[in-house]
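Residues take their numbers from the sequence shown, with the count starting at 1.
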Amino acid sequence: MTVTDLVDATQPASGDEPVLEAVNVTKHFPVHSVRVGRGEKRVVHAVDDVSLKLYAGRITALVGESGSGKSTLARLLAQIHPLTGGEIRLHGVATHATRGRAFREYARKVQLILQDPFSSLNPVATIAETLHRAVAIHHPGRRRAERSEIIDDLLAQTNLVPPRQFTEKFPHELSGGQLQRISIARALAADPQVFLADEPVSSLDVSIRLGILNLLRRLTEERRVAMLYVTHDIASARYFAADTAVMYAGEVVESGPSEAVTQQAAHPYTQLLIASAPDPSRTGKARVRDIGQPPSLIDPPSGCRFHPRCPYAWQRCSAEVPPAFPLSDDGRHTARCWLYSDDPQAAEKRAANSRALRRATDSEGEDAP
């Protein structure tokens, strides 16, 4: 089995064709200040050989710690960055649209929702001016009165009513949650087929995050939009997304239905993320052991990139890149980890992993009131 044989875990049971697809996508950024040897340039391996599919009316979460390549992949799907390798397919057709008219047509179908809504809005333009510009770009030929009607409808769809309470204000006069709803309304002006939501609630107060997530889910279902939800919070991925892909050091290491990935985590890195997530039912001392820092993406480790931090690593892990091993009968839940190979040593490591997980679960139960 090779990496290109990866069984895509985001394939829904209906077998619908994906709206947007990343096929073996790679992105390397040059490091201009670092050279090796005579004229040889070094690069940051931000994304390496990642495949992902997004389906209409379905949310896929992309989870990982800071620096894992999540936001870079979202920007590659938005075609803000050119690809180093692989291709982006829209409705099955390879698409290259990084500038000009082709990019504007692509942006009408694929909209990016950014993490910080304030920085994505013009601070010296009113909300009305910002939305009028978006509507004028995506609905050319409409009169101003018609554009105003469209804006009122967009604000109503994002629960900002009455619209006149918001349109004449500047961004600094609104709360973070209201600004994020404005950003979503602006994205809706294009009537897109895909939302790429890059940590859309991480800059917001905890008390209003759920409202934004519920809004995005409702729009996804009602409009049959495909959505990529980028987050470092694996707990919200289980609640919000149908499918989850876990990213580490530029690679997807585990993917599948969200319930399976979060409740039956297979990859040691996914297990680390879950153990690190705040859990009100978990009392007593923290159970997460410090196992080091993420690797340098200028000089990433050989083999499995997680092996320097993995408590179950053996020689094969540092020598060979693991393929995606299917963990469920339908092949939707996969993990790129040598623990799930037919190697005799893997069986011993899996048993040790299972014992460690049982001990952690038992100790948490003992601490519970």
J.: Got a sec, which residues hit side chain to side chain contact (heavy atoms under 4.5 Å, CB included) with Glu348, two or more places apart in sequence or on another chain?
T.: none
J.: For residues 81-106, pull every pair meeting ring-ring contact (aromatic ring centres under 6.0 Å, His included), keeping only residues two or more places apart or in separate chains.
T.: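 Qualifying pairs: Phe29-His81.
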J.: Step through the shown structure and confirm whether more than 12 heavy atoms of other residues, nucleotides or ligands are within 6.0 Å of CZ on Arg133.
T.: no
J.: Give every residue pair that meets the salt bridge (Lys or Arg N to Asp or Glu O under 4.0 Å) criterion with at least one member in residues 214-229, sequence neighbours excluded.
T.: Asp191-Arg223, Arg218-Glu222
J.: Could you check whether any side-chain N or O of Gln180 sits under 3.5 Å from a backbone N or O of Leu114, counting only pairs where one atom can act as donor and the other as acceptor?
T.: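 Such a contact is found between Gln180 side chain and Leu114 backbone.
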J.: Is a side-chain N or O of Ser51 found less than 3.5 angstrom from the main chain of Asp49, in a donor-acceptor match?
T.: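 No: the side chain of Ser51 does not pair with the backbone of Asp49.
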J.: Ignoring hydrogens, what is the shortest heavy-atom contact between Pro171 and Leu121? Give both atom names and the distance.
T.: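 Smallest heavy-atom distance, with atoms named: CG-CB, 4.1 Å.
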J.: Please say yes or no: joined through hydrophobic side-chain contacts below 4.5 Å, possibly via intermediate residues, are Ile80 and Val50 part of one cluster?
T.: yes
J.: Heavy-atom distance under 4.5 Å between the side chains of Pro301 and His307, does that happen here?
T.: yes
J.: So, taking the atom named OG1 in Thr126 and the one named CD in Glu173, what distance separates them when rounded to the nearest 0.5 Å?
T.: 10.0 Å
J.: Ignoring hydrogens and angles, state whether a donor on the side chain of Asp233 or Thr231 is under 3.5 Å from an acceptor on the partner side chain.
T.: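 Distance-only check fails for Asp233 and Thr231.
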J.: Same cluster for Leu174 and Phe118 if Ile/Leu/Val/Met/Phe/Trp/Tyr side chains link at under 4.5 Å?
T.: yes
J.: Taking the side chain as C-beta and beyond, is there a heavy-atom pair between Gln193 and Leu20 under 4.5 Å?
T.: no
J.: Counting N and O atoms only, with roles assigned by atom type, does the side chain of Gln178 sit under 3.5 Å from a partner on the main chain of Phe166, one being a donor and the other an acceptor?
T.: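 The answer is no, because no donor-acceptor pair under 3.5 Å joins these two groups.
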J.: What I'd like to find out is whether the side chain of Pro268 reaches to under 4.5 Å of the side chain of Arg309, using heavy atoms alone.
T.: no
J.: Distance from Leu83 atom CG to Thr26 atom OG1, nearest 0.5 Å?
T.: 8.5 Å
J.: With the threshold set at 4.0 Å, does a side-chain nitrogen-carboxylate oxygen contact exist between Arg238 and Glu259?
T.: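 Yes.
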J.: Taking the side chain as every heavy atom from C-beta outward, state whether Leu196 and Leu54 have any atom pair closer than 4.5 Å.
T.: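 Yes, their side chains come closer than 4.5 Å.
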J.: If every non-hydrogen atom of Val110 is compared with every non-hydrogen atom of Ala78, which pair is closest and at what distance?
T.: CG1-CA, 4.4 Å
J.: Do the charged groups of Arg108 and Glu105 touch, with an N to O distance under 4.0 Å?
T.: yes
J.: Strictly by modelled atom types, are Gln115 and Ser203 linked by a side-chain donor-acceptor pair under 3.5 Å?
T.: no
J.: I need the full list of ring-ring contact (aromatic ring centres under 6.0 Å, His included) pairs touching residues 197-247, with sequence neighbours left out, sorted by first then second residue.
T.: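 Passing the test, one end in residues 197-247: Tyr229-Phe240.
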J.: Between OG of Ser255 and CZ of Arg332, what distance do you get to the nearest 0.5 Å?
T.: 10.0 Å
J.: If you compare all heavy atoms of Leu155 against all heavy atoms of Ala185, which two are closest, and at what distance to 0.1 Å?
T.: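 Looking at all heavy atoms of both residues, the shortest contact is CD2-CB, 4.3 Å.
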J.: Quick one, Ser341 with Asp343, criterion side chain to side chain donor-acceptor pair (under 3.5 Å). Give me CA distance, side-chain angles, the key distance, then yes/no.
T.: CA-CA 5 Å; Ser341 68; Asp343 191 314; 5.1 Å; no
J.: Are the side chains of Ile298 and Val43 in touch, meaning some heavy atoms are under 4.5 Å apart?
T.: no
J.: Heavy atoms, side chains only, cut-off 4.5 Å: are Leu327 and Thr334 in contact?
T.: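 Side chain of Leu327 against side chain of Thr334, heavy atoms only: no contact under 4.5 Å found.
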J.: Which heavy-atom pair separates Met247 from Val47 by the least distance, and what is that distance?
T.: CE-CG2, 4.0 Å
J.: Nearest 0.5 Å, what's the SG-NE2 distance between Cys304 and His267?
T.: 4.5 Å
J.: Check the pair Lys27, Asp48 against salt bridge (charged side-chain N to carboxylate O under 4.0 Å, His left out), reporting the backbone distance first and the verdict last.
T.: CA-CA 6 Å; Lys27 179 60 182 178; Asp48 269 326; over 6 Å; no
J.: Taking the side chain as C-beta and beyond, is there a heavy-atom pair between Val225 and Leu219 under 4.5 Å?
T.: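 They are not in side-chain contact.
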J.: Could you give the distance from OG1 (Thr72) to CG (Leu77), rounded to the nearest 0.5 Å?
T.: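 It comes to 11.0 Å.
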J.: For a 4.5 angstrom cut-off between non-hydrogen side-chain atoms, does Thr244 reach Thr270?
T.: no
J.: Does the Asp205 side chain pair with the main chain of Ser207, one donor and one acceptor, at a distance under 3.5 Å?
T.: no
J.: Got a sec, which pairs hit ring-ring contact (aromatic ring centres under 6.0 Å, His included) with one end in residues 132-163, sequence neighbours left out?
T.: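 Checked against ring-ring contact (aromatic ring centres under 6.0 Å, His included) - neighbours excluded - no pair reaches residues 132-163.
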J.: Is Thr84 reaching over with its side chain to a backbone N or O of His28, donor-acceptor style, under 3.5 angstrom?
T.: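 Flag set: sc Thr84 to bb His28 pair under 3.5 Å.
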J.: Under 6.0 Å from the CD atom of Gln315, do we count more than 12 heavy atoms belonging to anything else shown?
T.: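 Atom CD in Gln315 is not crowded, with 12 or fewer foreign heavy atoms closer than 6.0 Å.
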J.: Between Glu146 and Arg143, is there a donor-acceptor pair closer than 3.5 Å when you use the side chain of the first and the backbone of the second?
T.: yes
J.: Give a yes or no on whether Ile234 and Val201 share a hydrophobic cluster (residues Ile, Leu, Val, Met, Phe, Trp, Tyr; joining criterion: side-chain heavy atoms under 4.5 Å apart).
T.: no
J.: If we ignore hydrogens and angles and just use 3.5 Å, is the side chain of Glu254 paired with the main-chain N or O of Ala266 as donor and acceptor?
T.: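 Pair found, side chain donor or acceptor close to backbone of Ala266.
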J.: Please identify each residue that fulfils ring pair (Phe, Tyr, Trp, His ring centres under 6.0 Å) with Tyr269, with sequence neighbours left out.
T.: Tyr248, Phe306
J.: Tell me if a side-chain donor or acceptor on Lys53 pairs with a main-chain N or O of Pro18 at a distance below 3.5 Å.
T.: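 Not at all, since once roles are kept as given, no pair shorter than 3.5 Å links the two residues.
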J.: Run the side-chain contact (heavy atoms from CB on, under 4.5 Å) test on Arg58 and Met227 for me, step by step, so that the C-alpha distance in whole Å, both residues' side-chain angles and the decisive distance to 0.1 Å come before the verdict.
T.: CA-CA 6 Å; Arg58 195 171 180 91; Met227 177 176 290; over 6 Å; no
J.: Do the side chains of Leu62 and Ile88 join up, straight or via other hydrophobic residues, at under 4.5 Å, putting them in one cluster?
T.: yes
J.: Does any N or O in the side chain of Arg89 come within less than 3.5 Å of the main-chain N or O of Glu21, such that one atom is a donor and the other an acceptor?
T.: no
J.: Count I, L, V, M, F, W, Y as connected when their side-chain heavy atoms are under 4.5 Å apart, and connections chain through other members. Are Phe195 and Leu210 then in the same cluster?
T.: yes
J.: What verdict does the salt bridge (charged side-chain N to carboxylate O under 4.0 Å, His left out) test give for Asp152 and Arg164, after you've listed the backbone C-alpha separation in whole Å, the side-chain angles of each residue and the deciding distance to 0.1 Å?
T.: CA-CA 8 Å; Asp152 289 350; Arg164 294 294 176 269; 2.8 Å; yes
J.: Output yes when a side-chain donor or acceptor of Arg147 lies under 3.5 Å from a complementary backbone atom of Arg142, and no otherwise.
T.: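 Checking the backbone N and O of Arg142 against the side chain of Arg147, a donor-acceptor pair under 3.5 Å is found.
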J.: Does a side-chain N-to-carboxylate-O contact under 4.0 Å join Arg75 and Asp198?
T.: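 Salt bridge flag = yes for Asp198 with Arg75.
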J.: For the residue pair Phe325 and Trp338, is the inter-centroid distance of their aromatic rings smaller than 6.0 Å?
T.: yes
J.: Grab the two heavy atoms, one from Gln271 and one from Ala265, that are nearest each other, plus how far apart they are.
T.: NE2-O, 3.1 Å
J.: Taking atom CG of Leu179 and atom CZ of Arg181, what is their separation to the nearest 0.5 Å?
T.: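 Atom-to-atom, Leu179:CG and Arg181:CZ are 11.5 Å apart.
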J.: Show the numbers, then the answer: is there a side-chain contact (heavy atoms from CB on, under 4.5 Å) between Glu87 and Val25?
T.: CA-CA 6 Å; Glu87 62 183 22; Val25 163; over 6 Å; no
J.: Which pair of non-hydrogen atoms, one from Ala352 and one from Tyr312, has the smallest distance, and what is that distance?
T.: C-CE2, 3.9 Å
